Amino acid sequence: MNKRLIVILTVFVAATLAVAASKLVAATPKASPAPEAAPMILIQNATILTVSHGTIEHGSILIKDGKIAEVGESVKAPKDAQVIDANGEFVMPGIIDCHSHIAIDGDVNEGSIAVSSIANTADVLNPEDIDIYRDLAGGVTTANILHGSANPIGGQTVVIKLRWGQPASKLPFEGAMPGIKFALGENPKHSNFGGRGREARYPATRMGVEETIRAAFSEARDYKAKWDDYNKRVNAGERNMIPPRRDLRLDPLVEVLEGKRYVHSHCYREDEILMLLRVAKEFGFKVRTLQHVLEGYKVADELAAAGVGASTFSDWWSYKEEAWNAIPYNAALLTRRGVVVSINSDDAEEATHLNQEAAKTIKFGGLSHDEALKLVTINPALQLGIDKRVGSIDTGKDADLVIYNHDPLSAYAVVQKTLVDGRVLFDRQKDLADRPTLEKEKKALIDKEKKEQKDEKKSDAKPGDKKPEEKGKAQSDAAAAGGAL
């Protein structure tokens, strides 16, 4: 292929990609960069579901510098404050999703090795993922972004705020404890994966999953001991010391041993849940949350005694062998036994109605209205160690709030506005008003692309070439005249 043709093809591909990208942007709600200072806002005439101290009828919330400055029945609007008249609508804390994979599409699983603790979801965050905006439209303001479940010990996790319109560097929740994903059962032992032509990967059994975790922490414990000895001797004044070799695979596991990184473990079955708790006790670390934990109700007392949180589905069961013993009463039964429980999504679409998923626990298990609301607010905040900043409507906390037209636990509830750090990042009325303009812009770009493609086809045709229909007509005329072609 000559150089001129390569240049032409390169320009053509670049132009095509640019048009496709512009189409996608046009079809996506536009997000403008957030201003330097958050506006002062007063939300008034609202039914405020504080989560921490009951319901305030006809209440108001004053927001300053992205924080909740005042909450109550008689809060007055400062002179320069923007006023949002809720007109009897409901305000609740922003929903917190303890198990999400948004913003890392295509980079969820590093499944090539059994221990992928070197992989870090924070390094591949995509702030332009439309699921961020869609989840804001469902009232979600914070999400725990997890590695997938292909590995007994997976990659590092990160808690993010859904700051739509901000770069990836602004998404991580400041000060939130980093985590790491573990997984038990079918997924890490690869029973649901593999296939012809694929090389088998250890572990292939539940026994192997356990021993993979134990072996990794045995290495991490020895590695930590070497560094502890080195640091002790250096601090004692020894000189010319050679430090141990850094191991990026073991560094996150040492952080787990030191209580500086949370463990979030995918699991289903009671036997595997108890197995992981035994391994954790053996090595002296804590499991922060069990994710899915569909048979948690069978071992609720053990989870409560170990101080392990349960982040589960509301009513997903029987979708694979491990889930056959799952029941919709799981969240309620765990709650009644003293376990801190949250309802998670594990799915971008599911996250858009986590308020309704939490409401199902009222039917399945008889939780109260406030207990159900906690499953998607303060409880996941506790599990992620961010409860001092989010999860309830209290003075001094971040102004991460959602306004619904009905009680959030009603099937008729629809999000009207979602605020993150005191900024309105989703406004239903604005969204609806902008749609015709976006559709018109999208259509114009598509029409432009079609015209350019048509023009390119014309320009590619050689001078003197006949169109296919003209060639066919010439052949028919020649055949009728008895001529040979």
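Hydrogens, waters and symmetry mates play no part in the numbers below; they use all other heavy atoms, side chains included. The residues of the chain are indexed from 1 along the displayed sequence. Note that the structure is a prediction, hence the values are computed from the model and not measured.
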**Message:** For Ser314 and Glu357: C-alpha separation, side-chain torsions, deciding distance, then whether side chain to side chain donor-acceptor pair (under 3.5 Å) applies.
**Reply:** CA-CA 6 Å; Ser314 61; Glu357 297 305 304; 2.5 Å; yes
Hey, is [X] close enough to [Y] for a salt bridge, meaning N to O under 4.0 Å?
| X | Y | answer |
| --- | --- | --- |
| Arg134 | Asp131 | yes |
| Arg233 | Glu238 | yes |
| Glu322 | Lys189 | no |
| Asp370 | Lys374 | no |
| Arg206 | Glu210 | no |
| Lys430 | Asp434 | yes |
| Lys226 | Asp222 | no |
| Arg249 | Glu219 | yes |
| Glu174 | Arg389 | yes |

Minimum heavy-atom distance between [X] and [Y], given as atom pair plus value:
| X | Y | result |
| --- | --- | --- |
| Ala310 | Leu334 | CB-CD1, 3.8 Å |
| Val263 | Val256 | CG2-CG1, 3.6 Å |
| Val293 | Asn330 | O-ND2, 3.1 Å |
| Pro408 | Phe90 | CD-CB, 4.0 Å |
| Ala150 | Gly111 | CB-CA, 4.0 Å |
| Trp316 | Ser345 | CH2-O, 3.9 Å |

Does a side-chain heavy-atom distance below 4.5 Å link [X] with [Y]?
| X | Y | value |
| --- | --- | --- |
| Val51 | Met92 | no |
| Tyr262 | Ile180 | no |
| Asn355 | Val376 | no |
| Asp398 | Phe173 | yes |
| Asn144 | Ile96 | no |
| Thr212 | Val115 | yes |
| Ile386 | Thr142 | yes |

Give a yes or no on whether [X] atom [atom1] has more than 12 heavy-atom contacts from other residues, nucleotides or ligands under 6.0 Å away.
| X | atom1 | answer |
| --- | --- | --- |
| Met207 | CE | no |
| Arg428 | CZ | no |
| Lys298 | NZ | yes |
| Asp65 | CG | no |
| Lys64 | NZ | no |

**Item:** Pair His190-Glu186, side chain to side chain donor-acceptor pair (under 3.5 Å): steps then yes or no
**Value:** CA-CA 6 Å; His190 263 214; Glu186 296 297 312; over 6 Å; no
**Message:** Quick one: does any side-chain atom of Arg269 pair with a main-chain N or O of Gly185 as donor and acceptor, under 3.5 Å?
**Reply:**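 A pair under 3.5 Å: no.
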**Message:** Looking at Ile95, is its backbone amide N or carbonyl O close enough to the side chain of Thr377 to form a donor-acceptor pair, meaning the two atoms are under 3.5 Å apart?
**Reply:**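 The answer is no, because no donor-acceptor pair under 3.5 Å joins these two groups.
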Drop me the distance from [X]'s [atom1] to [Y]'s [atom2], to the nearest 0.5 angstrom.
| X | Y | atom1 | atom2 | answer |
| --- | --- | --- | --- | --- |
| Phe283 | Leu253 | CZ | CG | 10.5 Å |
| Tyr297 | Leu303 | OH | CG | 13.0 Å |
| Leu294 | Cys267 | CG | SG | 8.0 Å |

Can you find a side-chain donor-acceptor pair between [X] and [Y] that sits under 3.5 Å?
| X | Y | value |
| --- | --- | --- |
| Lys181 | Ser265 | no |
| Asn344 | Ser311 | yes |
| Asp347 | His101 | no |
| Asp431 | Tyr133 | yes |
| Thr352 | Glu350 | no |

**Item:** Verdict with supporting geometry, Thr121 and Thr157, side chain to side chain donor-acceptor pair (under 3.5 Å)
**Value:** CA-CA 6 Å; Thr121 57; Thr157 69; 5.8 Å; no
**Prompt:** Which of these passes ring-ring contact (aromatic ring centres under 6.0 Å, His included) with His99: His266, His264, His292?
**Reply:**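 For His99, the ring-ring contact (aromatic ring centres under 6.0 Å, His included) check succeeds only for His292.
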**Prompt:** Which is it for Asn405 and Tyr412 under the side chain to side chain donor-acceptor pair (under 3.5 Å) test, yes or no, and what are the steps along the way?
**Reply:** CA-CA 8 Å; Asn405 59 347; Tyr412 297 100; over 6 Å; no
**Asked** Do the ring planes of Phe285 and Phe182 sit parallel (below 30°), tilted (30 to 60°) or perpendicular (above 60°)?
**Response**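 Judged by the thresholds at 30° and 60°, the geometry between Phe285 and Phe182 is perpendicular.
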